[in-house]
Amino acid sequence: FLLHNSNGHGCMHKAGQRGKMDVVEWLVKEIPEIVNIEYFNKDGEGYRPSGLAHVEGHTELAEYLKKIEASIGL
């Protein structure tokens with residue numbers, strides 16, 4: 001769960017991109033170390049998980065992810 005692929009996507013990026021609020025909530029609850037700047041950094045195209053959620057039209061999830069990002073100083 002704590003790995004990134006070649007374009008900088010981790011679990012949070014993929015869950016945000018696909019609109020999976022339940023997955024994001026599960027990751028935060030079950031893998032608390034994922035709430036860390038390292039897992040919310042911008043990908044190769046300049047998107048954080050919240051940005052990918054927003055681009056794909058997942059507004060509520062994008063806002064939730066932005067709150068997490070703000071809580072870790074992004």
Side-chain angles (χ1 to χ4, degrees):
F1 292 105
L2 301 177
L3 299 176
H4 296 91
N5 66 15
S6 61
N7 64 347
H9 285 184
C11 291
M12 287 296 189
H13 288 84
K14 293 299 187 185
Q17 186 178 45
R18 289 168 175 79
K20 300 295 185 179
M21 176 74 87
D22 58 336
V23 173
V24 169
E25 291 173 335
W26 184 87
L27 287 166
V28 169
K29 180 181 175 189
E30 298 297 327
I31 307 169
E33 61 269 27
I34 206 163
V35 181
N36 182 295
I37 290 173
E38 179 180 354
Y39 306 107
F40 286 84
N41 278 331
K42 293 181 180 179
D43 66 11
E45 295 178 340
Y47 291 104
R48 297 191 193 285
S50 64
L52 289 173
H54 178 75
V55 166
E56 295 296 331
H58 309 297
T59 308
E60 183 180 344
L61 180 53
E63 291 303 316
Y64 181 75
L65 289 165
K66 282 181 188 177
K67 287 178 184 176
I68 294 172
E69 292 164 358
S71 77
I72 57 177
L74 297 173

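Bear in mind that the values here come from a model prediction, so they are computed numbers and not experimental data.
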Student: In terms of hydrophobic clusters joined by side-chain contacts under 4.5 Å, are I37 and V28 together?
Tutor: yes
Student: Looking at every heavy atom in both L61 and G16, which two are closest together, and how far apart are they?
Tutor: CD2-CA, 3.8 Å
Student: On a heavy-atom basis, which atom in Y47 and which in V55 lie closest, and how many Å separate them?
Tutor: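 Of all heavy-atom pairs spanning Y47 and V55, the closest is CE2-CG2, 3.5 Å.
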Student: Is the ring pair W26/F1 parallel, tilted or perpendicular, if the boundaries are 30 and 60 degrees?
Tutor: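 Because their plane-to-plane angle lies in the 30° to 60° range, the rings of W26 and F1 count as tilted.
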Student: Taking NZ, NE, NH1 and NH2 as the nitrogens, is one of them in K66 or E63 under 4.0 Å from a carboxylate oxygen of the other?
Tutor: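 Yes, this pair counts.
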Student: Are side-chain heavy atoms of R48 and L65 found at a separation under 4.5 Å?
Tutor: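 No, side chains not in contact.
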Student: Give, for atom CG of N36 and atom CE of M12, the distance between the pair rounded to the nearest 0.5 Å.
Tutor: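 Here the interatomic distance stands at 11.0 Å.
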Student: So, for S50 and E69, which heavy atoms are closest and what is the spacing to 0.1 Å?
Tutor: OG-OE1, 2.7 Å
Student: Is there a donor-acceptor contact under 3.5 Å linking the side chains of H9 and D43?
Tutor: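 Yes.
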Student: Would you compute the distance between atom CD1 of I68 and atom CD of E25 and round it to the nearest 0.5 angstrom?
Tutor: 8.5 Å
Student: Transitively linked via ILVMFWY side-chain contacts under 4.5 Å: L74 with L52?
Tutor: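 No; L52 is not reachable from L74 via cluster members.
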Student: Determine whether the aromatic ring centres of Y39 and H4 lie less than 6.0 Å apart.
Tutor: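 They qualify: ring centres under 6.0 Å apart.
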